[in-house]
Peer 1: 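Got a structure here, written out as structure tokens. Questions coming.
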Amino acid sequence: MKILTKILIATVLLLIVVGSILVYSASGDMTLFRSHIANVVFALIAFFVFLVMPYEYYRGVTKYALMGVIVLLAATLFIGIEKNGATRWISLGFFSFQPSEIAKFLLVIHLANLIESKGELIGDFKKGYVFAITWIVMVAFFVVIQPNVSTTIIITIVSFTILYVGGAKLKHLFVTAGSAAALVAIAAALLPHARYRLDKFLFGETLQVTQAKIALGSGGLTGLGFGHSRQSDLFVPYPYGDFIYSILGEELGFIGALTVLFLYLTIFVICLIIAKRSTDTFGQLTAFGLGFMIVISAFINAGVVMGVLPTTGITLPFISFGGTSLIVFSVSIAVVLNIAVRNNKRRELNLARA
Amino acid sequence: MSRTRVLIILLVIFISFGALAAKLFEIQIVNHNKFVYSAKRQQDKPSSVKAERGLIKDRDGMVLSYTRDDYSYYAHLNQIKSEKAKTKVAEKFSEVFGKSKKHYLRLLNSKKKVVCLEKKASKEKAIMLREFIVEGLKEITDFTRIYPYKNLAAHTIGYVDKNNKNGVDGIEKYFDAELQGEDGFLFIERDVIGRTVTINDEKSYPSIPGNDIYLTIKKNYQLILDDELSKGIKEYEANSAIGVMMDPNTGEILAISNVPSFDPNKYNNFTSWQRKNRALTDTYEPGSTIKSIVIAMLLEEKLARSGEWIDTENGVFRRRGALIRDTHKFERLTVRGVLEQSSNVGISKLSDRIPEDTFYKYLRNFGFGNKTEIELLGEASGRLKKPNDYSRVSKSSMSYGYEISVTPIQLAAAYAALINGGNLLRPYIVKKITDRENNTILENSAFKLRSVISNATSEKLKQFMVGVVEEGTGRNARLDDILIGGKTGTTKKLVDGKYSSKNYNSSFIGFFPAENPQLVCLILFDSPKIGKYGSQVAAPVFKNIVSRIVESDVQILKSKKNKETKTKLLDELFTEMNKDQTEQSLLKTSNINSATGDDRIAHNGDHRLPLSMPNLKNKSKRYALNLLYELGLKADIEGSGRVVSQSIKPGTKIKAGALCRIECSSTININ
């Protein structure tokens, strides 16, 4: 167990280090790099705070925390900062963050909490399932109208997967997930930039994707080496953000790109083992949910860069530039590690008692 | 937590990642080369570096046309969105260019994607903006062709199109390829927005600037010609004027002027007529200026002698149904007198002696009916009738300059041949072409097309034309201190196919210094309202031009200019002429058309046939000498200059063979 937590920490740190180098290499901008390092430091602080905070305490607060973040999401619509046609940011003067990223994280924990407290009732639509759906809809609604279709999709996928693993009835899942998919499709059709991206995905390729593929492809087996990207700062727009994986592939080649994919799988698998060894449903579902959120984000991000998924604004966990994302993912790992540590201790305690 | 369901999810994730890995393999390994090619192609986009266009200079190296680098500023409005950025840009531009902030804000708030904030700003302004970097604000180097002297030689130089790229007219067009140079290439690794990242020196090569063209034009002469023609247009209320100046010894064009002219810097503001180089695109009927060439034919073919008398019918003569009139009426004139007094009747009669084929051949040889092949575009060839197309009066009409049309440049070239010893030269306007390192690539020199008349005939024609200026219709071109030769010409303009009684082409073509001609110059005024004759309008303008040129350019006269030198030269010239006449007659009487039996050789009488001894006082020595000879008197002359006394009193009846003593003095005695 200890070895697993060490591997998890090492993997995450490796991804963060690679991410920092790539952000610098891709942007070629000292200011941006400094800001990224600041985020890393901030993320590490948050990481340690959540590492030592026993996860059991969350049971009592997830509901209020999620309510609070929903209020923030609503507030974003009025006091948020508009960037590229979407209002996703709240500024605190020295620091701005995306409430939707926090909501995503809190929703996972709250759903785990809810499923645990409902027990068998989660299989009952009226007595259990509907409560979970209500939370999901509330969060998704405020995120989708920002508009932020990508995060909405992530939230929906992660939430329904947790419900699925948590024991919800397949009938309920099919009906609600089906309607959710329909609603997301409608939203995508109504929002011009989402429709454009979908159209481009189905009937062509966006400039970003074309350039990302050129970057990946010219990387070859071993890549051009760290800092030698020629597509970054050049042809791939905002290469330090959602398309950083293409620069990674260009600089580190197929070996590097595949290794990173493998690292995400490793994180997910370790999260699953931690979940499996967890003695309570809350711990199990939280570890699973957060691990799944990381791996699905990585999958979608890489899929977009390779052109197998429509363009979305999903960050590559631990690597992409972006403070909120980095902090939230770090905190997620901290929570999972806490679950591992707490359960380990508990098991040792039980063993001692026995 | 359902174990089966977790395993299903795990399976799904593994399959998904397996698919991603496969796709990654396809992109990075299978299609690696394809993407490397795409990457190279876009990263090493070669960009052309525009070659600097060559300069156009006058013969002494004065720059008449050059290219200036200007800077234009464009704002990409999708990148300048915030009010703050807009205000910042507007404030800076307002500060640099002095226009209002509102003006720029209005541009920045327009709906367009890209707006031009400033076009073709100077280098000074560009330097002021060099430190001002705003995303979305772009500086583009813009070339502007500059013609520093505006109208000067505009028709020769021509102009370039709006993009300052291709020559449209004149030398700019004719030598476009030479001037353009070769664009270079920069292999630049660049980003999507076009920002340069690095330059690949190995694959890049620099542009080769265009070659410089030295014209044969002399800026100073061009200026004088332009100026005097403009003055003339005002003074004589003419529609327009054309001037051509040529070096008769080489064929170099020293100046071409078409007034009204245009400013090639703003060529769009002018009509196509104003931009046209009428000196070679437009033809006109040359009128009496052609007579010199007809006389040259007669002398060359020995069909007339200079002193031979022609009955000029008192200026009115009807032949073959056509009425021929002279402006200056004389009963009879010598062949020389016909030219001096520009008698249509006389030249018409003389032209009868020339066979049609010979007549045509000479005109053809002098270059009429053919383009001169000067290095300018749009040249007309004029109209020269072939003998087959002659009517009964054609040759006669052509002998005084109707039924034939020429371009000013053709006539100038023909006159150059007339006075340079009989060599028709190809007129040219490009002296040399050099590259930027000043290596000569091409150098033009005199190109003789053919010999058209003998040197002797040429000498004689020169003398005759000096006579035109000193004694005849060209007197208004006369200068006291410089020997000038020339010929006037006046034709009714053809307006809608009919000869106008109001509109005339008034011309004068002259050369100087006559003893060693350095310059031949044609002046042509279209429809002057004050004075219609070439002698009244064009000749005085020519005179002004000559005196200004001599004043500004001492080198053009080999000998010092002064009155005495000139008088002496003139005397020598005429003494020689009279000597010719005492020699054995060279006239082949058999060639004389007997139908014009009126023509006879007479030795008694002035051009104006006086019955008694004329008053020679204040006449020039050569005039007196000539006159005495014509009267059949022996002359005994002392001194030089003007006549102060004569031994036979004016009004006395003349006895042939009597001796007349004449005293001359160079100090003018007015009484």
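All chains are named by letter (A, B, ...) in the order of the sequence lines, taking the proteins before the strands, and each is independently numbered beginning at 1. Scope of the values below: all heavy atoms of this structure, side chains included, with no hydrogens, waters or symmetry mates.
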Peer 1: Does any backbone or side-chain atom of I27(B) lie under 4.5 Å from a heavy atom of chain A? Answer side chain, backbone, both or neither.
Peer 2: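 Both parts, backbone and side chain.
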Peer 1: Find the distance between CG (L261(A)) and OG (S16(B)) and round it off to the nearest 0.5 Å.
Peer 2: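 Answer for the CG-OG pair, L261(A) versus S16(B), is 11.5 Å.
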Peer 1: Considering only heavy atoms, which portion of I300(A) lies under 4.5 Å from any heavy atom of chain B: side chain, backbone, both, or neither?
Peer 2: neither
Peer 1: Could you check which of V305(A), I296(A), L272(A), I162(A) has the highest count of heavy-atom pairs closer than 4.5 Å to chain B?
Peer 2: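 The answer is L272(A).
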Peer 1: Search all heavy atoms of G303(A) against all heavy atoms of L20(B) and return the closest pair with its distance.
Peer 2: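 Shortest heavy-atom separation between G303(A) and L20(B) comes out as CA-CD2, 3.7 Å.
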Peer 1: Are the side chains of I9(B) and F268(A) in contact, using a 4.5 Å heavy-atom criterion?
Peer 2: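 Yes, their side chains come closer than 4.5 Å.
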Peer 1: Counting only heavy atoms closer than 4.5 Å, note whether F288(A) contacts chain B via side chain, backbone, both or neither.
Peer 2: side chain
Peer 1: Please report the closest heavy-atom contact between Y164(A) and R5(B), naming both atoms and the distance.
Peer 2: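 Y164(A) and R5(B) have their closest heavy atoms at O-NH1, 2.5 Å.
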Peer 1: Would you indicate whether K92(B), at its atom NZ, is surrounded by more than 12 heavy atoms from other residues, nucleotides or ligands within a distance under 6.0 Å?
Peer 2: yes
Peer 1: State whether the number of non-hydrogen atoms from other residues, nucleotides or ligands found under 6.0 Å of K266(B) atom NZ is greater than 12.
Peer 2: no
Peer 1: How are the rings of F299(A) and F17(B) set to each other: parallel, tilted or perpendicular (split at 30° and 60°)?
Peer 2: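 Rings of F299(A) and F17(B): tilted, 30 to 60°.
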Peer 1: Might you confirm whether atom NZ of K125(B) has over 12 heavy atoms from other residues, nucleotides or ligands at distances under 6.0 Å?
Peer 2: yes
Peer 1: What option among S278(A), G219(A), G166(A) has the most heavy-atom pairs under 4.5 Å with chain B?
Peer 2: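 Going by pairs under 4.5 Å, I would pick G219(A).
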Peer 1: Going from CZ on R3(B) to NZ on K276(A), what distance comes out if it is rounded to the nearest 0.5 angstrom?
Peer 2: 5.0 Å
Peer 1: If you count heavy-atom pairs under 4.5 Å between each of L258(A), L265(A), L285(A), T281(A) and chain B, which one has the most?
Peer 2: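 Result: the option with the highest number of such pairs is L265(A).
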Peer 1: Side chain, backbone, both or neither: which part of V269(A) has a heavy atom under 4.5 Å from chain B?
Peer 2: side chain
Peer 1: Under 4.5 Å heavy-atom distance to chain B, tell me which part of F292(A) shows up: side chain, backbone, both or neither.
Peer 2: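 When you check distances to chain B, only side chain atoms of F292(A) fall under 4.5 Å.
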Peer 1: Can you tell me how far apart CD1 (I214(A)) and OH (Y37(B)) are? Round to the nearest 0.5 Å.
Peer 2: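 Between I214(A) CD1 and Y37(B) OH, I get 11.5 Å after rounding to 0.5 Å.
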Peer 1: Looking at chain A, which one of I29(B), L24(B), N31(B), V36(B) has the largest number of heavy-atom pairs inside 4.5 Å, strictly under?
Peer 2: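 So the answer, after comparing I29(B), L24(B), N31(B), V36(B), is L24(B).
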Peer 1: Go through T4(B), L10(B), N33(B) and name the one with the most non-hydrogen pairs under 4.5 angstrom from chain A.
Peer 2: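 The answer is L10(B).
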Peer 1: What part of F282(A) gets within 4.5 angstrom of chain B, counting heavy atoms only: side chain, backbone, both, or neither?
Peer 2: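 Nothing of F282(A), per the 4.5 Å heavy-atom cut-off to chain B.
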Peer 1: Does Q28(B) use its side chain to pair, donor to acceptor, with the backbone of G249(A) at less than 3.5 Å?
Peer 2: yes
Peer 1: Going from CG on L216(A) to CZ on F35(B), what distance comes out if it is rounded to the nearest 0.5 angstrom?
Peer 2: 8.0 Å
